[in-house]
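Here is how names work: the chains are called A, B, and so on, in the same order as the sequence lines, proteins then strands, and each is numbered from 1. None of these values were measured; they are calculated from a predicted model.
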There are 2 protein chains.
Amino acid sequence: MTDMSEQTAQERILAEMRMRILDGTYPPGTRLTELGTAEDLGVSRTPIRAAIRALAKEGFLDRSGARGYAVRQVRPEDMRHALQVRGVLEGEAVRRLAGIGLKPTIDRKLSECLEEEARLFQEHSFGPDFAAAYNRLNTEFHSTLHRACDSPQLEAAIRQMSNVPSGMIHAIKAPEKESSQEYVRLLIAHTQHQVILRAIRNGDGVRAEEVMREHAFVRIDYAELVAETLAGAQVTTTSAKDASDDRSAVGKRRGSSP
Amino acid sequence: MTDMSEQTAQERILAEMRMRILDGTYPPGTRLTELGTAEDLGVSRTPIRAAIRALAKEGFLDRSGARGYAVRQVRPEDMRHALQVRGVLEGEAVRRLAGIGLKPTIDRKLSECLEEEARLFQEHSFGPDFAAAYNRLNTEFHSTLHRACDSPQLEAAIRQMSNVPSGMIHAIKAPEKESSQEYVRLLIAHTQHQVILRAIRNGDGVRAEEVMREHAFVRIDYAELVAETLAGAQVTTTSAKDASDDRSAVGKRRGSSP
DNA sequence: GGGCATCATTTGGGATACAATTTTGGACAC
DNA sequence: GTGTCCAAAATTGTATCCCAAATGATGCCC
């Protein structure tokens with residue numbers, strides 16, 4: 001309880017165990033017994049039980065016989081698979097959404113998200129708080145979409161699969177944070193958000209689905225590609241002024257080269 | 001414990017609660033407290049906790065504020081949505097599978113499943129044991145596909161979503177069981193299995209995915225359509241003889257036109 | 001009489017005690 | 001030497017107990 005994060009302990013344990021699986025503290029094949037991990041993490045069996053079940057549902061553990069669970073091999077491409085599954089599900093969501101139409105309140109909420117994202121690019125320079133603010137807006141945008149698609153089962157499936165890739169990325173991609181490529185990556189993500197929302201409004205379910213499926217990979221492939229493109233280049237940005245609608249939110253940037 | 005099913009009580013409670021949600025024993029909006037449902041079902045809070053969390057992950061419950069969970073409205077179209085989600089995920093699985101190819105052991109296993117399915121149609125007349133046998137083979141076929149796609153996360157997501165539509169169907173579709181339409185429905189399902197396997201072997205991921213997505217709806221739409229087609233018609237089936245390969249498992253029907 | 005604060009009750013989260021089951025180790029017999 | 005059986009240890013499943021937090025009600029003060 002001396003930890004800074006004041007979550008509900010059960011989530012803390014879940015995140016901690018997922019992290020330990022991903023960073024190799026619990027190597028593949030390790031048998032996780034409830035009592036063992038309980039005293040290992042300093043809590044009782046109750047949160048451990050919940051975490052183990054959740055991790056098994058997320059595909060990180062599988063039962064070894066009738067006794068206990070074992071850590072599964074998590075390969076680098078598994079993160080891509082997880083992202084792809086998430087993209088497939090979210091793509092299905094926006095396709096449905098384009099078919100049934102946006103309710104006014106939802107439409108307004110989504111617009112506000114994107115406007116705030118655009119304001120972020122226009123008014124603030126990149127930094128840790130920038131990334132944090134964008135992350136919050138990003139989560140808001142996506143979860144609004146999930147809730148709007150009017151299918152509790154689909155929403156649950158997406159929510160289920162949302163933590164997995166995030167956990168993987170946080171565990172693997174933590175060290176490298178180049179501000180310039182991050183900025184461009186987020187700008188691409190924001191632009192994809194705009195395309196998706198416009199496609200939904202136009203009732204173009206196919207396009208919304210395709211872009212959303214691609215959008216799922218913005219965490220990995222795009223960062224890589226932008227890094228290659230910007231390698232050794234001088235990049236400058238200026239805040240975009242006069243942003244009357246969402247089409248104008250294409251920023252120009254200024255910064256020092258790495 | 002006087003029940004016939006000797007499962008691990010936790011699963012029994014989960015199935016029981018899901019059933020009660022679906023058949024209206026727990027109407028939408030009902031607040032499910034751990035203690036209340038515990039004494040309602042005659043067990044302690046422990047299995048209830050697990051069941052409530054699982055049902056929330058499946059999309060049947062959502063938290064009402066910070067206190068407790070409430071039964072969500074389960075509309076008839078939600079079953080279709082759940083089936084669609086499952087179809088999307090399984091479609092993704094077979095698409096991947098067509099890309100990476102079938103390992104020999106998996107290929108043989110799938111072949112055996114389909115051969116046994118075909119034998120079923122050839123050697124046995126329709127009845128309860130027929131449906132049960134087919135159901136077993138169907139589950140075997142699908143879970144073999146899931147395991148083969150080499151993505152633990154995807155497999156977990158599919159397994160997660162597999163119980164939901166089944167539970168819904170068992171709860172809703174129990175009364176109507178017309179043997180002739182059931183026979184044809186299973187025959188269509190079997191044929192789709194064959195098409196999917198062949199598409200995977202040919203590396204045609206797009207076709208495998210499309211057919212699998214359609215196959216997800218074989219439980220509902222097809223039964224309905226076959227029922228309409230066969231309405232009032234006399235249907236007789238003869239066992240197909242001389243089935244040397246899987247192409248021959250197409251039954252012949254004879255009857256009067258509507 | 002209304003608003004706010006405080007207290008009680010409800011409820012979920014966590015810990016622990018208990019039961020059932022399975023695995024594993026060893027010993028004994030063949 | 002090997003196989004089988006029994007017992008003990010380990011581990012999960014289940015029940016109960018405690019506690020913290022939230023919600024609703026009641027009373028007091030303004």
Side-chain angles (χ1 to χ4, degrees), chain A residues 1-18 20-21 26-72 156 159 163, chain B residues 1-18 20-21 26-72 156 159 163:
Chain A
M1 311 308 182
T2 63
D3 222 12
M4 68 217 167
S5 55
E6 276 318 318
Q7 350 174 13
T8 165
Q10 206 161 289
E11 311 243 340
R12 188 172 53 85
I13 295 296
L14 174 59
E16 175 67 24
M17 290 183 66
R18 187 164 39 211
R20 292 196 180 196
I21 291 174
Y26 294 149
T30 305
R31 284 194 37 199
L32 291 183
T33 80
E34 293 180 358
L35 198 59
T37 54
E39 61 188 25
D40 190 6
L41 293 178
V43 291
S44 84
R45 281 178 53 202
T46 313
I48 301 289
R49 281 180 71 98
I52 284 182
R53 300 302 144 71
L55 288 171
K57 277 188 189 300
E58 289 176 2
F60 291 112
L61 307 175
D62 57 350
R63 342 189 42 126
S64 57
R67 185 86 69 100
Y69 288 81
V71 176
R72 231 170 160 151
R159 187 195 310 278
N163 308 324
Chain B
M1 315 313 176
T2 61
D3 222 13
M4 70 218 167
S5 54
E6 274 321 315
Q7 350 173 12
T8 164
Q10 208 160 286
E11 312 234 343
R12 189 173 53 86
I13 295 296
L14 173 59
E16 174 69 22
M17 289 183 67
R18 186 163 41 211
R20 293 197 179 195
I21 290 175
Y26 294 149
T30 305
R31 286 198 35 191
L32 291 183
T33 81
E34 293 181 358
L35 198 59
T37 52
E39 61 188 25
D40 190 6
L41 294 178
V43 291
S44 85
R45 283 178 51 201
T46 313
I48 302 289
R49 286 179 66 129
I52 285 182
R53 301 297 145 62
L55 288 171
K57 275 188 189 297
E58 289 175 3
F60 290 112
L61 306 176
D62 57 350
R63 338 190 45 126
S64 59
R67 185 83 69 97
Y69 289 80
V71 176
R72 234 171 156 148
R159 186 196 310 280
N163 309 324

*Which heavy-atom pair separates A:Ala51 from A:Ile13 by the least distance, and what is that distance?*
CB-CG2, 4.0 Å
*Look at the side chain of A:Arg45 and the base of D:dG13, then say whether one donor and one acceptor between them are separated by less than 3.5 Å.*
yes
*Separation of B:Ile48 atom CD1 from D:dT14 atom P, in whole Å?*
11 Å
*Take atom CD1 of B:Ile13 and atom C1' of D:dT14, then tell me their distance rounded to the nearest Å.*
11 Å
_For atom CD of B:Glu39 and atom P of C:dT10, their distance in whole Å_ = 12 Å
*How far apart are the closest heavy atoms of B:Ala38 and B:Ile48, and which atoms are they?*
CA-CG1, 3.7 Å
*asked:* Between C1' on C:dT11 and OH on B:Tyr69, what's the gap in Å once rounded to a whole number?
replied: 12 Å
*Please state how far atom CD in B:Glu11 lies from atom C1' in D:dT14, giving the value in whole angstrom units.*
15 Å
*asked:* Output the rounded distance in Å from CG (B:Leu35) to P (C:dG13).
replied: 13 Å
*Using a cut-off of less than 4.0 Å, is there contact between a side-chain N or O of B:Arg63 and OP1 or OP2 of D:dA22?*
no
*asked:* Using a heavy-atom cut-off of 4.0 Å across all strands, would you classify B:Leu32 as base, sugar-phosphate, or nothing?
replied: sugar-phosphate
_Pair B:Arg53 + B:Glu34, salt bridge at N-O below 4.0 Å_ = yes
*Would you mind telling me which of C:dG13, D:dA15, C:dA15 lies closest to the side-chain atoms of A:Pro47?*
C:dA15
_Salt bridge present between B:Asp40 and B:Arg20 (N-O < 4.0 angstrom)_ = yes
*When only distance counts, do a donor and an acceptor, one from the side chain of A:Arg49 and one from the base of C:dG14, lie under 3.5 Å apart?*
no
*asked:* Measuring only between side-chain heavy atoms, which start at C-beta, is B:Thr37 closer than 4.5 Å to B:Tyr26?
replied: yes
*Does C:dA15 have OP1 or OP2 sitting under 4.0 Å from an N or O in the side chain of A:Ser44?*
yes
*To the nearest angstrom, how far is B:Glu34 atom CD from D:dA20 atom C1'?*
14 Å
_On DNA chain D, does the nearest nucleotide to B:Thr46 precede the nearest nucleotide to A:Gly68 from the 5' side, or the other way round? Give the residue._
A:Gly68
*Between D:dA15 atom P and B:Gln10 atom CD, what is the distance in whole Å?*
10 Å
